[in-house]
Amino acid sequence: MALPKRIIKETERLMADPAPGISATPHDDNLRYFDVIIAGPNQSPFEGGVFKLELFLPEDYPMAPPKVRFMTKIYHPNIDKLGRICLDILKDKWSPALQIRTVLLSVQALLSSPNPDDPLANDVAQHWKENENAAIQTAQEWTRKYATA
Amino acid sequence: MASYFDDHSLEDPYKARRPNNNNANSNSRFNPDLSHFMPREDTDETAQTPYQMGATSMPGEGDFRRLAQLFGTFRQREEALGDEEHQEFLDNLITQLMDEAGASGKHGPPPASKSFIRDLPFVPLKEVKRDDACIICNENFQENESKAGITKLPCKHFFDRDCIVPWLELHNNCPACRAEVPSDDPVWIKKKRDAELAKYAAEAEVDEDWMYS
């Protein structure tokens with residue numbers, strides 16, 4: 001099936017005018033599959049880290065959301081150990097007005113503001129609620145250990 | 001390409017079930033889907049997802065669910081052996097399959113009502129501003145005239161009909177502002193009615209307070 005025009009346009013814009021701290025590159029042999037890199041936002045426990053993600057546009061995109069997953073290990077209450085992300089716009093709050101760019105900006109924002117009240121990784125969320133400072137310290141350690149090139 | 005069964009001089013037990021097996025152009029042999037690994041429910045046509053959008057070999061929701069159940073059975077057997085790492089692996093696999101089963105279109109609000117979609121207005125091109133684009137396909141309305149036309153939702157957001165109809169067939173809200181439109185979904189209708197009743201009740205209470213204060 002030919003690649004929809006919208007996907008081609010989105011890809012061109014992502015390459016020509018990338019969002020700050022985010023890069024997304026489609027695979028040569030599958031233009032629906034993107035290698036994504038998000039830089040850990042300043043003043044977050046992930047600062048200085050470089051996080052790899054995969055993004056896949058399903059057949060029914062943009063009627064269905066992209067599938068996004070962290071490949072780099074990360075200590076975050078809304079990201080589980082398989083790298084799956086708990087973010088409403090990737091599920092029931094998806095709208096076809098959203099794009100690859102806006103999705104990745106939302107993921108970047110999630111790194112700046114972890115939300116332990118809506119957890120995906122329960123033990124991490126628990127840690128975050130009980131002792132935020134210690135949890136942040138673990139997140140910084142993981143960033144140094146797993147997310148530095 | 002020779003199949004596993006050819007290589008091993010075996011009778012392919014699933015041969016009869018595979019579609020287009022003798023068609024040289026068919027790529028179904030190179031792209032097996034989940035149905036190759038499990039029995040098909042021939043009678044249950046309704047289990048197919050309603051909006052296949054031209055995809056013929058996409059595994060359906062039921063396929064993922066059955067595969068998850070299959071692994072569930074493995075997991076139960078493994079429990080007795082007490083291999084925790086293996087169990088965790090199976091847990092993750094099952095969770096992912098269940099996610100996948102629930103994924104397509106199942107998340108989010110119900111479809112818009114059939115009558116709402118049927119009665120979507122036709123909007124003349126001159127009603128749309130020069131540089132307005134449909135936010136679903138990102139194409140400028142003026143430059144992109146050849147399509148099925150333009151429509152607008154009650155919230156006054158414009159869309160190409162071709163773009164908004166497939167969305168409304170899945171969900172009853174506006175992609176731009178999430179304003180709700182009617183649905184035929186019984187659960188949605190009930191929720192809506194309950195909310196309205198609660199509103200009237202609250203208003204009645206306010207009136208009473210005002211009368212007696």
Side-chain angles (χ1 to χ4, degrees), chain A residues 1-14 16-17 29-30 32 54-71 73 78-103 118-123, chain B residues 27 33 49-59 88-89 91-100 102-111 133-140 143-144 147 153 155 157-160 162-179:
Chain A
M1 210 164 131
L3 205 64
K5 214 168 160 187
R6 162 165 165 167
I7 297 182
I8 296 170
K9 275 178 132 180
E10 275 198 64
T11 308
E12 280 171 358
R13 206 177 142 222
L14 277 169
D17 175 26
D29 56 351
N30 184 355
R32 289 175 175 271
E54 59 175 8
L55 181 145
F56 179 72
L57 303 174
E59 191 70 38
D60 40 4
Y61 178 83
M63 296 303 148
K67 295 178 190 294
V68 193
R69 192 169 77 87
F70 272 83
M71 309 292 280
K73 233 167 118 87
N78 311 106
I79 300 164
D80 75 2
K81 53 185 160 189
L82 295 177
R84 291 177 302 185
I85 308 163
C86 185
L87 189 60
D88 56 1
I89 58 156
L90 291 176
K91 292 175 183 147
D92 56 328
K93 289 286 164 27
W94 170 251
S95 151
L98 296 166
Q99 304 186 359
I100 300 173
R101 171 186 298 270
T102 43
V103 162
D118 181 24
L120 189 64
N122 263 311
D123 43 340
Chain B
N27 62 1
D33 62 42
T49 41
Y51 61 103
Q52 294 248 306
M53 298 193 87
T56 50
S57 65
M58 290 286 280
E88 196 183 302
F89 170 78
D91 280 347
N92 285 335
L93 202 61
I94 292 163
T95 320
Q96 267 186 313
L97 284 164
M98 294 306 281
D99 278 1
E100 206 65 48
S104 4
K106 278 283 167 188
H107 284 301
C134 168
I135 57 163
I136 298 182
C137 64
N138 294 333
E139 297 286 333
N140 185 293
E143 293 164 13
N144 197 36
K147 287 211 200 155
L153 295 182
C155 52
H157 287 113
F158 295 100
F159 300 94
D160 288 318
D162 280 347
C163 293
I164 193 67
V165 169
W167 173 254
L168 293 174
E169 284 171 348
L170 294 172
H171 304 293
N172 68 332
N173 63 13
C174 168
C177 67
R178 299 190 205 276

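Sequence lines set the chain letters: A, B, ... in the order given, protein chains first and strands last, and positions in each chain run from 1.
Among A:Lys91, A:Lys93, A:Gln99, the residue making the largest number of heavy-atom pairs under 4.5 Å with chain B is A:Lys93.
The backbone N or O of B:Ile136 sits less than 3.5 Å from a side-chain atom of A:Arg6, completing a donor-acceptor pair. With hydrogens and angles disregarded, no donor-acceptor distance shorter than 3.5 Å links the side chain of B:Arg178 to the backbone of A:Ser95.
Remark: B:His171 NE2 to A:Met63 CE distance equals 9.5 Å, nearest 0.5 Å. Atom NZ in A:Lys5 sits 11.0 Å away from atom CG in B:Asn138 (nearest 0.5 Å).
When all heavy atoms of A:Trp94 and B:Trp167 are compared, the pair lying nearest together is O-CH2, 3.3 Å.
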